[in-house]
Amino acid sequence: MTEPDEIVRAVEATVFAAHEPLTPAQIGVHLGLGDKAGAVDRALADLQAHYGARGVHLVERGGRWHFETAADLAHLLRREKEDVRRLSRAATEVLAIVAYHEPVSRAEIEAIRGVQTAKGTLDVLMEAGWVRVAGRREVPGRPVIYATTPVFLDHFGLGSLKELPGLDELRAAGLLDPVDDDLIGDTLAGQKRVSD
Amino acid sequence: MTEPDEIVRAVEATVFAAHEPLTPAQIGVHLGLGDKAGAVDRALADLQAHYGARGVHLVERGGRWHFETAADLAHLLRREKEDVRRLSRAATEVLAIVAYHEPVSRAEIEAIRGVQTAKGTLDVLMEAGWVRVAGRREVPGRPVIYATTPVFLDHFGLGSLKELPGLDELRAAGLLDPVDDDLIGDTLAGQKRVSD
Amino acid sequence: MATLFDGAGWDGEDRTEASDDKLYLDIDGWEGPLDLLLDLARRQKVDLRGISILELVDAYLTYIEEAKSLRLELAADYLVMAAWLAYLKSALLLPRDEAEDPSPEELALRLQLRLQRLGAMREAAARLMARDRLGRDVFVRGAPEGLRVDRKSAWQCSWLDLVRAYGDIKVRSQPAVHRVRERMVMTLDSAIARVSAMLGIAIDWMELREFLPPAHDAWANPQLRRSALASSFVAALELARTGKLELAQDETFGPLRLRAAPR
């Protein structure tokens, strides 16, 4: 490649510094090349070829020229950064209710949890991609109902929701808060809590 | 010239697209090259050499890199509507004193100029983003001290303060030594002091 | 160093063309005595290092006199400087007093150095302002795309957390039902009947435990035995209350003994 000549360098700098795309005529006027319009076109063609292989391209849109990031590098302009965050206790409960009872309305979730569910909690679950709106229930008020997504099954390694363990299994596996079965045997009062 | 490699293209696109000058570390983080910091430095050196002949240059100012138009094209690009604010003579002097002596207190500025410096003068320089408060000097009275900013380097096209024009000659001539003499106060005790 | 003082002024300002006779008119443009001194020095068109302080002092004093005669308001600083320069001048001209410290020559040198410093900074400011400046001479990219970092939360929740949460909800939300299991017990009535009957045939003190049924078959059940013990104790208290037996215990938690009340 030869060194760029003066006009090429000037056109390059002008397009670079411009706040908006420029027509060749505007560039010519700016550089005082009014009578050498062809020179601007040649310079633009030269620059376009030069930048073709680079990380920045010189492109024409509707007769106006500007620099932009090469299309294959566009992903660099907007990078996503992931913050790993643990789901809150409330959100975990809501997710569990949706999984065990889907499709379920917000009012039903609240009835099961026994506490009000902040709107944001469901938003977080939808943002995580685990819960989706599954339509409306055809009852008065037509409440929105929620269900889990395939992403949910993936994340928790489930083939289907049927694989979620029942309460008896949970208890048998010792996954529920221990109920004082052991204590019952040797108390005279002999009361037993019954949870199912 | 060989085709630029992927990292060079990515660094080129990143610096081109950025609103602000970037340090090599910032570029590395953005490109997810955290452990290959040397790659960014190599790419920047490669790009700087490549753009050296062009209408747009890649420049380093205070450790941060950006593209700007070549200085020799200034006569073609100079904007009629000047964005550069005209500084008062007092403000330019104060700016020079801060740059050549930093960090420097207001009393020291006044000692060099032999006149009180209006508070507004430093405010104008701080508003322009060229001067900042750099802490306090740990001497009696703990005076606030001032220094220049990266924006100052950017604006005046200085890679670092070492590139200030005439710095070495001035230093060699002893003209940048700390000022502590009070010429008139020493000899005219009891009269109004001129320099502070 | 001489280069520091030729060339144009700073940021378009240039007073070198001002003629001497209108010098006083510019008084408001000066910022202070040093400023005026420096300007006077520049008029001598020599390197500050070679300047004659005496001549400079004379120029300053003459200037201040003229300005005063024109009834210009002169700032106190100008007059203080004038007084000091007059002192310096006389010290430089008079025979040297060896004891004086600092010496007049030293003061003159210091003044010279200060003027050099100010001149240097003024020159530096002019050179700084004349550089290729961003936004005036060189330009950054007019329309950068900008870099954006979108922060996205990757939510974490384990299978265990999920099912445990559900279990907790169920445990928490189910109404608690309490049910007492049917168990074999010795009722108080049967205990009273048994203790009364046994007391009838007893001759001497008997310990409470001896009133319990023999520990075999159903009575071997420890729960039932405890029930029998408790009921027999209550039966003994009841019979004592109605005057049918006497109770004795030698020490705290010692054996409890019973016998029929003497008739």
Side-chain angles (χ1 to χ4, degrees), chain B residues 14 16-19 21-22 30 56-57 66-71 73-74 77-79 82-84 86-90 92-97 99-100 111-116 154-158 164-167 169-170 173-176 179 181 183-184 186-188 191-195, chain C residues 1 3-4 9-13 29-38 49 75-77 79-81 83-85 87-88 91 102 107 110-111 113-141 144-149:
Chain B
T14 302
F16 224 80
H19 284 291
L22 299 176
H30 188 81
V56 170
H57 290 173
H66 71 266
F67 282 104
E68 64 181 33
T69 57
L73 298 170
L77 301 175
R78 192 165 284 137
R79 303 247 158 98
E82 217 176 88
D83 293 338
V84 179
R86 231 181 158 69
L87 287 181
S88 70
R89 198 191 71 188
T92 63
E93 278 179 28
V94 171
L95 179 62
I97 293 168
Y100 282 78
I112 293 169
R113 297 189 63 226
V115 67
Q116 292 214 343
D154 282 351
H155 183 87
F156 291 98
L158 297 164
L164 282 169
L167 185 69
E169 313 156 46
L170 293 174
L175 296 178
L176 299 181
V179 238
D181 63 328
L183 194 64
I184 295 172
D186 285 350
T187 40
L188 292 184
Q191 299 201 38
K192 188 177 188 317
R193 287 165 56 161
V194 166
S195 45
Chain C
M1 194 53 61
T3 57
L4 289 179
W10 33 87
D11 233 27
E13 276 188 81
W30 276 292
E31 286 211 66
L34 273 187
D35 213 15
L36 175 57
L37 265 175
L38 184 59
R49 287 170 300 179
D77 284 351
L79 298 176
V80 170
M81 179 66 98
W84 184 80
L85 289 174
Y87 162 81
L88 178 61
L107 286 177
R110 275 159 69 173
L111 174 61
L113 182 64
R114 290 189 63 144
L115 291 179
Q116 276 180 274
R117 300 171 76 110
L118 178 58
M121 282 302 103
R122 191 162 289 175
E123 171 70 14
R127 286 169 73 173
L128 208 50
M129 292 299 140
R131 286 182 67 84
D132 290 321
R133 287 158 66 182
L134 206 59
R136 188 187 70 175
D137 307 292
V138 297
F139 300 89
V140 293
R141 191 161 170 217
E145 291 97 336
L147 300 174
R148 233 174 79 191
V149 176

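Throughout, protein chains are lettered first and strands after them, A, B, ... in sequence-line order, and every chain is numbered starting at 1. We use all heavy atoms of the structure for the numbers below, so side chains are in, but hydrogens, waters and symmetry mates are not.
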Q | Contact check, side chains of B:Leu22 and C:Leu147, non-hydrogen atoms, under 4.5 Å | A | yes
Q) In terms of heavy-atom proximity below 4.5 Å to chain C, should B:Phe16 be classed as side chain, backbone, both, or neither? A) both
Q: For B:Ala99, check side chain to side chain contact (heavy atoms under 4.5 Å, CB included) against everything at least two apart and list the hits.
A: B:Thr148, B:Phe152, B:Leu164
Q) Any side-chain heavy-atom pair from B:Val115 and C:Leu34 closer than 4.5 angstrom? A) no
Q: Would you check if the side chain of B:Arg113 reaches a backbone N or O of C:Leu118 as a donor-acceptor pair within less than 3.5 Å?
A: no
Q.
Looking at B:Arg89 and C:Asp35, is there a salt bridge between them, counting it only when a charged N and a carboxylate O are closer than 4.0 Å?
A. yes
Q | Nearest heavy atoms of C:Glu145 and B:His19, plus distance in Å | A | O-NE2, 4.1 Å
Q. Can you name the closest pair of heavy atoms from C:Asp132 and B:Ala71 and give their distance?
A. OD2-CB, 3.0 Å
Q: For side chain to side chain contact (heavy atoms under 4.5 Å, CB included), just list the numbers for C:Arg122 and B:Thr92, CA-CA rounded to whole Å, side-chain angles, deciding distance to a tenth of an Å, and then say yes or no.
A: CA-CA 8 Å; C:Arg122 191 162 289 175; B:Thr92 63; over 6 Å; no
Q: Would you name the heavy atoms of B:Gly114 and C:Pro33 that are closest together and state the gap between them?
A: O-CD, 4.2 Å
**Q.** Side chain C:Arg131, main chain B:Phe156, donor-acceptor under 3.5 Å
**A.** yes
Q | Pick from B:Leu73, B:Val56, B:Ile97 with the largest number of heavy-atom pairs that fall under 4.5 Å of chain C | A | B:Ile97
Q. Heavy atoms, side chains only, cut-off 4.5 Å: are C:Leu134 and B:His66 in contact?
A. yes
Q: Take B:Thr69 and C:Arg141 through the side chain to side chain contact (heavy atoms under 4.5 Å, CB included) test and state the conclusion after the steps.
A: CA-CA 8 Å; B:Thr69 57; C:Arg141 191 161 170 217; over 6 Å; no
Q) Which is it for B:Leu77 and C:Phe139 under the side chain to side chain contact (heavy atoms under 4.5 Å, CB included) test, yes or no, and what are the steps along the way? A) CA-CA 8 Å; B:Leu77 301 175; C:Phe139 300 89; 3.5 Å; yes
Q: Counting only heavy atoms closer than 4.5 Å, note whether B:His30 contacts chain C via side chain, backbone, both or neither.
A: side chain
Q. Taking B:Leu158, B:Val94, B:Leu167 one by one, which has the highest count of heavy-atom pairs under 4.5 Å against chain C?
A. B:Leu158
**Q.** Test side chain to side chain contact (heavy atoms under 4.5 Å, CB included) applied to C:Leu113 - qualifying residues, sequence neighbours left out
**A.** B:Leu175, C:Gln116, C:Arg117
(Q) Out of B:Ala18, B:Pro21, B:Ala70, B:Gly174, return the one with the most heavy atom pairs under 4.5 angstrom to chain C. (A) B:Ala18
Q.
Nearest 0.5 Å, please: how far is CD1 in B:Ile112 from CE in C:Met121?
A. 6.5 Å
